[in-house]
Amino acid sequence: MRKPFVAGNWKMNKTVEQAALLVADLLPGLEAVKTVERVICPPPTSFMVVSRLLAASDVGLGAQNLFWEESGAYTGELSVLMVKEFCKFVIIGHSERRSLFGETDDTVNLKMKSALAHDLFPILCVGESLEENESGQTGTVVARQVKKALEGIEAGVAEKIVVAYEPVWAIGTGKAASPETANEISRDVVRKNLAECFGANIAAKIRILYGGSVNKQNAADFFSQSDIDGGLIGGASLKAEEFVGIVDAAA
Ligand code: PEP
């Protein structure tokens, strides 16, 4: 019922020229897999070039962040309107934004509302730190992040949301969560809280991704779980063969 979804978060990697080369390498493999919604999220300097390269395909373009205002005196920020000029998707509340750039549940909520008000499809990232995990707080932390991010959002737009459960300790470390545990959090915490916000019918339609050290070898174990509908991929999205292998696993 839920179409599998795989997004590549390139983070702060690739110049314009390098981005064009990577897209050229990715496209044949990505275009071959129509049953999966495929999205790439390069840095904004490459939006123009990448959007042109993707124009004839159904591979989506996403941003890694946005600022909730449309314009104004916000030096260094990328406004929701600027994102909207090129992108259909936007990653919101990535753990690197939360831990390195001071994003809070409140700013994540403002970004979510702004993205949805401008008809973007947000990929909301949630996940516990190692310390929170080890002290048994995973459920509480993830539930709070989901609830706060969605405060004030109407059920009518909720199907546009994709949630990525990304334990912070698994991101970029090579230590993925166990697929069974990731599924439990996705089902018993993320989807349960989505149901409390929007009702069970809508919650059942929202895609939940797992993120954190996914590669083409372990991807199928995650994607075969009942409540994991795809992945948010960091490091492995920078290698065409790996990313296409992950998309194949989702298919
Ligand atoms: C991420 O940055 O969202 C991520 C999941 O990274 P990685 O795949 O490298 O762990």
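Order of appearance sets the numbers: ligands from 1, and atoms from 1 within every ligand.
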**Study point:** Name of the residue among L124, V90, T107, V157 meeting side chain to side chain contact (heavy atoms under 4.5 Å, CB included) with M112
**Key:** L124

**Study point:** Per-atom contacts, ligand 1 versus S213 - under 4.0 Å to a heavy atom
**Key:** 7 (P), 8 (O), 10 (O)

Check your understanding: Near E131 CD, under 6.0 Å, is it more than 12 heavy atoms from other residues, nucleotides or ligands?
Key -> no

**Study point:** Flag if over 12 foreign heavy atoms under 6.0 Å of NZ, K3
**Key:** yes

Exercise for review: Look only at the side chain of H118 and the backbone of L120, and say whether a donor-acceptor pair between them is shorter than 3.5 Å.
Suggested key: no

Practice item. Kindly confirm or rule out an N or O of G235 lying under 3.5 angstrom from an N or O of ligand 1. Key: yes

Review point. Per the salt bridge (charged side-chain N to carboxylate O under 4.0 Å, His left out) rule, which among K147, R98, K148 passes with D105?
Key: R98

Exercise for review: Output the list of atoms in ligand 1 that are nearer than 4.0 Å to some heavy atom of G212, sorted by atom number.
Suggested key: 5 (C), 10 (O)

Review point. So which protein heavy atom does atom 1 (C) of ligand 1 come closest to, and at what separation?
Key: H94 NE2, 3.2 Å

**Study point:** Sequence neighbours excluded - side chain to side chain donor-acceptor pair (under 3.5 Å) pairs with any residue from residues 221-249
**Key:** R2-D229, N183-S226, R191-D227, R191-D229, K216-E241

Practice item. Answer yes or no for G172: is there a heavy-atom contact with ligand 1 below 4.0 Å? Key: yes

Review point. Does A170 have a non-hydrogen atom less than 4.0 Å from ligand 1?
Key: yes

Practice item. Using the six-membered ring wherever Trp is involved, compare the ring planes of F67 and Y74 and label them parallel, tilted or perpendicular (cut-offs 30° and 60°). Key: tilted

**Study point:** Region of N9 that comes within reach of ligand 1 [heavy atoms, distance under 4.0 Å]
**Key:** side chain

**Study point:** atom 5 (C) of ligand 1 [closest protein heavy-atom partner, distance rounded to 0.1 Å]
**Key:** E166 OE2, 3.0 Å

Check your understanding: Please state which protein non-hydrogen atom is closest to atom 8 (O) of ligand 1 and give its distance, to 0.1 Å?
Key -> G234 N, 2.8 Å

